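Order of listing sets the numbers, starting from 1, for every ligand and every atom in it. Source: prediction; values computed, not measured. Computation of the quantities below employed the complete heavy-atom set of this structure, encompassing side-chain atoms and omitting hydrogens, waters and symmetry-equivalent molecules.
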Amino acid sequence: AKYEGRGRHCFFSNQLEEALLSRHAIEQLIRTTVKNQSFEVHYQAKFSLWEYRIVGVEALVRMRDSSGRLIPPCEFIPVAEELNLIEQLGEQVLKTACSDADKWLPDHPEVPVAVNVSASQLKRTDFVDRVMAILGQSSLPPEMLELEVTESALMQNIETAQQIIEALHNQGIVIALDDFGTGYSSLTYLQRFNIDVLKIDQSFIQRMGDNNDSLAIVKNVISLGKSLNLRVCPEGIETQDQLKELIRLGCEMGQGYLFCRPIPIDEFIRFMDDVKNY
Ligand code: C2E
Ligand code: CA
Ligand code: CA
Ligand code: CA
């Protein structure tokens with residue numbers, strides 16, 4: 001199902017049962033979930049496009065309503081931002097992701113974890129210290145942590161964001177630009193910010209097959225990545241045709257339902273074992 005609430009398109013994975021809560025109910029849910037730290041983190045693998053191998057994973061936050069139904073992030077993240085609870089939630093997710101990655105790292109040292117960062121986290125000058133403190137509580141090396149930021153988040157406070165990105169990068173943390181292509185003046189940001197990875201927004205991947213402009217954009221982002229020495233990670237790969245096309249364009253890694261959906265930690269660890277022993 002597709003939701004178009006709160007001014008943004010919100011695609012809902014089939015895996016999540018549909019649940020539309022009232023604004024009040026969502027607020028309540030966020031407050032309790034943050035207070036009790038009762039959110040969940042699901043993990044979606046990033047795959048090599050050339051061989052059957054996991055090369056990374058993205059942590060995606062989940063909340064359940066009182067009946068146990070999963071609420072999609074696009075329903076609650078914007079509200080958490082408005083309630084000023086996104087920083088707390090973001091930090092809790094980061095903590096969980098680091099300690100989960102700590103658990104799988106001995107068996108899967110090649111699988112770094114990526115965590116989404118919201119705009120308000122990038123406005124705080126102490127964000128770097130907070131991230132480093134959380135990293136310090138785990139045995140995860142900074143190189144195994146990737147932070148995904150969007151262009152629009154960078155844009156909201158360019159000066160601070162630039163300093164933060166710079167400092168995180170200097171610590172060895174990997175920085176990915178999320179939803180690449182959906183913001184504006186993208187190229188300016190690539191010069192200005194210390195970015196390591198470009199994540200091509202799923203809308204381009206999904207339109208690639210029947211829209212020449214989308215195909216041209218994907219093609220050009222891949223070659224831009226190569227010339228700037230950035231890794232490129234297309235999102236939302238759902239079909240074999242999309243995969244074939246991305247391979248033809250020289251893309252090396254990617255993410256999408258074709259490979260796997262976001263799943264809970266236990267399932268994800270089993271999945272990593274299966275892929276490794278395949
Ligand atoms: P995102 O960072 O762009 O994450 C990718 C979204 O695309 C995820 O949706 C994922 O489940 C979905 N997806 C992955 N592969 C496919 C595919 O092949 N087809 C389709 N149609 N969708 C696919 P999800 O988990 O619902 O998250 C939505 C957004 O919520 C994320 O978009 C991110 O912006 C935000 N989000 C999720 N977790 C966090 C978090 O911990 N902190 C913050 N600040 N934002 C988060
Ligand atoms: Ca992301
Ligand atoms: Ca440490
Ligand atoms: Ca994205």
So is there a nitrogen or oxygen of Gln255 less than 3.5 Å from a nitrogen or oxygen in ligand 1? no
Atom name, Asp179 (N, O or S, nearest to the Ca ion (ligand 4)): OD1
To the Ca ion (ligand 4), the closest N, O or S atom belonging to Glu235 is OE1
Asp126, CG: over 12 other non-hydrogen atoms inside 6.0 angstrom: yes
Using a 4.0 Å heavy-atom cut-off, say whether [X] meets ligand 1 through its side chain, its backbone, both or neither.
| X | result |
| --- | --- |
| Asp179 | side chain |
| Gln202 | side chain |
| Leu60 | both |
| Pro262 | side chain |

Of the N, O or S atoms in Glu58, the one nearest the Ca ion (ligand 2): OE2
Taking only non-hydrogen atoms of Gln44 and a 4.0 Å limit, the atoms of ligand 1 in range are 14 (C), 15 (N)
Nearest heavy atoms of Met144 and Pro109, plus distance in Å: CE-O, 3.1 Å
Evaluating non-hydrogen atoms only, which member of Ala114, Pro73, Cys74 is closest to atom 26 (O) of ligand 1? Pro73
Once you measure the plane-to-plane angle for Trp104 and Phe268, does it fall in the parallel (<30°), tilted (30-60°) or perpendicular (>60°) bin? perpendicular
side-chain contact (heavy atoms from CB on, under 4.5 Å) partner of Val34, chosen from Glu87, Gln88, Glu91: Gln88
Under 3.0 Å from the Ca ion (ligand 2), is there an N/O/S atom belonging to Asn116? yes
Is the distance from the Ca ion (ligand 2) to some N, O or S atom of Asp178 under 3.0 Å? yes
